[in-house]
Amino acid sequence: RRLYATDASHYQIVPLGVVVPKTVDDLTATVQIASELNVPITARGGGTSLTGQSIGPGIVIDCSKYLNRIGELDAVGGTVTVQPGVVLDHLNRHLAGRGWMFGPDVATANRATLGGMIGNNSAGSHSVVYGQTVDHVRSLTTILGDGTSATFGPLTERECERKRELRTREGAAYRAAHAVVREHGDEIEKRFPKIVRKVSGYNLSGIRQRPHSLVPLVVGSEGTLAVIAEAELSLVPRPKFRGLLVPHFATLQSALDAVGACLELGPSAVEMMDQMLIDLAREQLALRRTMAAIHGRPAALLMAEFTGDSSAEVEDKIAKLARRLDGIAGMTACVTAIEPALRDPLWNLRSAAVPLLGGMPGDRKPVTFVEDCAVDPKRMPEFAARFREVLHRHGTDGAFYGHASVGCLHIRPVLNIHDPADLATMRKITEAVTDLVLEFEGSLSGEHGDGLTRSEWNRKMFGPTIYEAFRTVKRAFDPENVLNPNKIVDGPAMEANLRQPPGQPLPEPPAVFDYATHGGYFRSVELCNGAGVCRKTQSGAMCPSYRATKDERDTPRGRANALRFLSNSEFGTRNSESKSGFHSAIRNPQSAFAEQRWTRDVMDLCLSCKACKAECPSNVDIAKLKAEFTEAYYSTRKRPLGHLLLKYVDVLSPMAARMAGLANWTARRKFARRMIEALA
């Protein structure tokens with residue numbers, strides 16, 4: 001329960017329980033039982049939500065371990081069916097040999113599940129070409145809040161009419177959705193922004209465009225309308241050749257001004273990174289070699305990607321853009337990356353943005369709350385300048401990065417959310433930014449969704465009429481309010497449910513190791529922001545035990561969460577559990593750790609291989625933290641025989657070497673091995 005209490009956001013809600021279904025029947029039974037008992041349900045994918053969509057007070061359903069079957073590919077029509085736990089990179093790897101791929105490509109592709117992408121209506125770097133997830137979902141097999149099944153897909157007008165006549169939960173959903181669109185058509189036209197990237201609220205404008213399908217409504221509903229059991233997806237042809245041009249700029253504004261010139265040549269993506277991210281990347285072990293390709297210390301980078309049917313075509317487009325940008329004020333250098341050995345690491349650099357920012361030393365970090373605004377790309381330079389004025393007016397600045405091609409910049413103000421004063425500043429900044437977004441006719445969220453962060457602002461962003469229409473849709477689909485409640489409508493205050501209550505001193509126990517680099521032991525644990533890079537199962541070495549078990553408890557993220565819970569004495573106050581924390585545990589280990597053995601169990605399969613320190617963009621060193629924990633745990637306990645054998649390995653090994661024949665003969669006997677394992 002503790003390990004599923006957080007995601008990649010700064011929120012924490014300990015659930016009543018966790019279900020890891022093995023079959024769709026398990027998933028259905030879970031929803032039925034929860035519905036009968038009126039227990040909330042939160043469907044969860046990779047737990048990479050930045051706004052708290054994947055945490056809740058009831059039952060958290062994790063589909064990622066077992067419900068990850070990829071169905072048969074229709075190579076002619078370009079469609080495939082998937083279960084909700086399929087990871088995006090796994091799907092694209094499965095499709096690669098057939099020349100297809102799924103268009104939307106989120107930065108978390110190596111651990112994001114298709115169920116989570118559908119719930120969030122994800123987009124990614126190539127949305128200028130491929131749009132959003134909703135543009136690639138043909139049909140959805142779902143479980144509604146009462147446990148009944150419903151399939152949403154394209155219908156004829158007559159079929160749609162029959163659906164509205166049903167006296168079931170599904171029929172009520174169709175009636176309500178079409179009623180609000182019919183009654184509030186003018187207001188929908190007025191209040192919904194006319195841009196590609198918009199995922200706030202319920203997608204009523206999408207139903208107007210596809211009037212005989214509720215797919216646009218369910219996609220992006222953050223699990224508040226239905227639980228996804230299976231999806232039929234439309235695929236796109238895989239590009240044959242790719243290449244990058246990476247212009248460097250002396251100022252952020254000059255980089256933003258150059259986006260228009262990049263778009264003239266029809267790129268497949270234009271991404272941006274600012275100096276804060278660039279500097280953090282230079283300090284990251286796994287990225288230092290990649291950063292050697294970056295010239296000097298630019299204030300911002302653009303990454304313009306081009307695709308084509310031939311290498312010559314891609315090279316020609318890149319050369320034309322290089323000539324077009326040559327001489328533009330503020331450009332300091334330009335790197336061409338066509339060979340995969342240079343191109344792919346540079347492209348992956350942008351994907352590391354979230355954990356890089358989370359790994360910034362100290363209590364002041366780039367915080368997620370207004371990081372997902374989207375406006376018309378033509379107005380983006382002016383919008384970004386006005387946004388920065390807001391930050392400066394409130395005594396801070398922010399990290400600027402994201403999808404410049406579609407006007408969706410991830411701007412994260414630097415604040416200390418442990419400080420009540422900075423929490424108050426967070427709300428003031430949000431008030432000002434929402435005004436700014438409305439002025440620019442944009443969206444408060446371009447891809448990260450509402451969750452616990454932005455749901456409370458939907459009334460302001462859409463007006464009372466549309467907000468009540470959202471409520472009508474929610475009540476029709478889920479009258480008992482069991483499906484991921486308090487998301488999109490009737491959300492809590494954005495400051496509620498924080499991981500660490502503001503104003504509370506951060507726990508700082510006496511420690512064996514030196515944690516001065518990150519400001520102490522607890523801050524070293526907090527380097528893990530929950531982005532979940534450790535859940536990847538392709539490339540690299542992180543994390544061997546998770547790759548074997550696929551259990552959240554065996555991820556470095558899970559281990560960091562366990563240590564954070566143990567360290568935070570406030571956890572006991574908020575959740576009616578033991579107040580014994582890691583800091584008191586070190587002073588009085590016998591009493592404190594009697595009920596904290598679960599932490600030892602979570603740490604047990606950590607191999608101390610340090611792949612997390614090398615590959616996590618936040619450089620979370622779980623091996624070091626595990627050693628600290630183990631030392632404290634056994635400070636008043638008798639160590640197991642295995643620990644002593646390892647401690648004296650320098651004495652025992654020469655002795656065993658003198659009896660090599662006997663030792664090897666014994667080691668080859670299963671019975672003897674089992675006895676030794678049981679003993680040691």
Side-chain angles (χ1 to χ4, degrees), residues 5-14 40 42 47-57 120 198-202 220 222-224 354 357-358 363-374 387 390-391 393-396 398-399 409-438 442-464 467 470-471 474 484-504 526 529-530 570 574:
T6 64
D7 49 17
S9 69
H10 46 252
Y11 296 108
Q12 176 175 295
I13 301 175
V14 179
T42 300
T48 59
S49 164
L50 293 173
T51 62
Q53 289 106 321
S54 57
I55 60 175
N120 217 45
K198 53 183 187 295
V199 298
S200 285
Y202 291 124
E222 303 184 11
T224 63
V354 170
L357 292 172
D363 292 333
R364 290 177 64 83
K365 298 179 186 290
V367 182
T368 300
F369 63 103
V370 287
E371 87 300 339
D372 200 33
C373 302
F387 198 118
V390 169
L391 298 182
R393 197 160 63 241
H394 289 88
T396 188
L409 281 187
H410 300 320
I411 307 173
R412 298 174 61 155
V414 177
L415 296 171
N416 176 12
I417 59 173
H418 302 316
D419 183 350
D422 271 14
L423 265 189
T425 300
M426 182 169 78
R427 176 163 288 275
K428 292 174 184 176
I429 290 174
T430 308
E431 288 278 7
V433 168
T434 50
D435 290 339
L436 190 64
V437 170
L438 286 171
S443 174
L444 190 57
S445 179
E447 67 174 340
H448 295 162
D450 297 325
L452 297 171
T453 305
R454 287 182 280 271
S455 291
E456 73 159 305
W457 301 97
N458 277 337
R459 181 186 292 275
K460 175 179 179 179
M461 300 308 296
F462 290 97
Y467 190 76
F470 290 164
R471 280 177 156 175
K474 171 65 173 172
N484 212 11
N486 307 123
K487 317 287 167 62
I488 298 183
V489 293
D490 302 318
M494 64 188 298
E495 307 95 335
N497 302 301
L498 295 177
R499 283 184 181 179
Q500 183 76 17
Q504 177 185 308
E526 271 204 323
N529 52 67
E570 181 64 15
R574 283 184 288 163

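With contacts defined as side-chain heavy-atom distances shorter than 4.5 Å, the pair L415/F369 qualifies. A 4.5 Å side-chain heavy-atom check between L391 and I429 finds at least one atom pair inside the cut-off. Taking the side chain as every heavy atom from C-beta outward, N458 and S200 approach each other to under 4.5 Å. Looking at heavy atoms from C-beta onward, V390 lies in side-chain contact with H394 at the 4.5 angstrom threshold.
Across every non-hydrogen atom of P492 and A496, the tightest pair is CB-CB, 4.3 Å. Closest heavy-atom contact between F387 and I411: CE2-CG2, 3.5 Å. S9 and L50 make their closest contact through CB-O, 3.3 Å (heavy atoms, listed as atom of the first residue, atom of the second, distance). Contact record, L498 with L423: CD1-CD1, 3.7 Å, taken as the closest heavy-atom pair. Of all heavy-atom pairs spanning D450 and S445, the tightest one is OD1-CB, 4.4 Å. Annotation for S54 and D7: closest pair OG-OD2, 2.9 Å, computed over non-hydrogen atoms.
Note on ring orientation: taking the six-membered ring where Trp is involved, the planes of F470 and Y202 are perpendicular (angle over 60°, cut-offs 30° and 60°).
Evaluation of the side chain to side chain donor-acceptor pair (under 3.5 Å) rule for N486 yields no partner, not counting sequence neighbours. Taking the side chain to side chain donor-acceptor pair (under 3.5 Å) definition, one finds that T434 meets it with K460, sequence neighbours left out.
The backbone N or O of V414 sits less than 3.5 Å from a side-chain atom of T396, completing a donor-acceptor pair. Side chain of D372 to main chain of H448: a donor-acceptor pair is present (N/O by atom type, distance under 3.5 Å, no hydrogens or angles). With hydrogens and angles disregarded, a donor-acceptor distance shorter than 3.5 Å links the side chain of N120 to the backbone of E447.
Under the side-chain contact (heavy atoms from CB on, under 4.5 Å) test applied with L452, the options E495, K487, M494, Q53 reduce to a single match, K487. Just one of R471, E222, R454 meets the side-chain contact (heavy atoms from CB on, under 4.5 Å) condition when paired with I488; it is E222.
Taking CG from L444 and OG1 from T430, the interatomic distance works out to 8.0 Å, rounded to the nearest 0.5 Å. Atom-to-atom distance recorded for T224:OG1 and D490:CG is 11.0 Å, nearest 0.5 angstrom. One distance of note links CE of M461 with CD of E456; it measures 12.5 Å at 0.5 Å rounding. For the atom pair N497 CG and T453 OG1, the distance stands at 10.5 Å (nearest 0.5 Å). Taken from CG in L436 to CD in E431, the straight-line distance is 13.0 Å, to the nearest 0.5 Å. Interatomic distance, NZ of K365 versus CZ of R412, reported as 10.5 Å (0.5 Å rounding).
You'll find the ring centres of Y467 and F462 outside the 6.0 Å limit.
With salt bridges taken as basic N to acidic carboxylate O contacts below 4.0 Å, none links R364 and D419.
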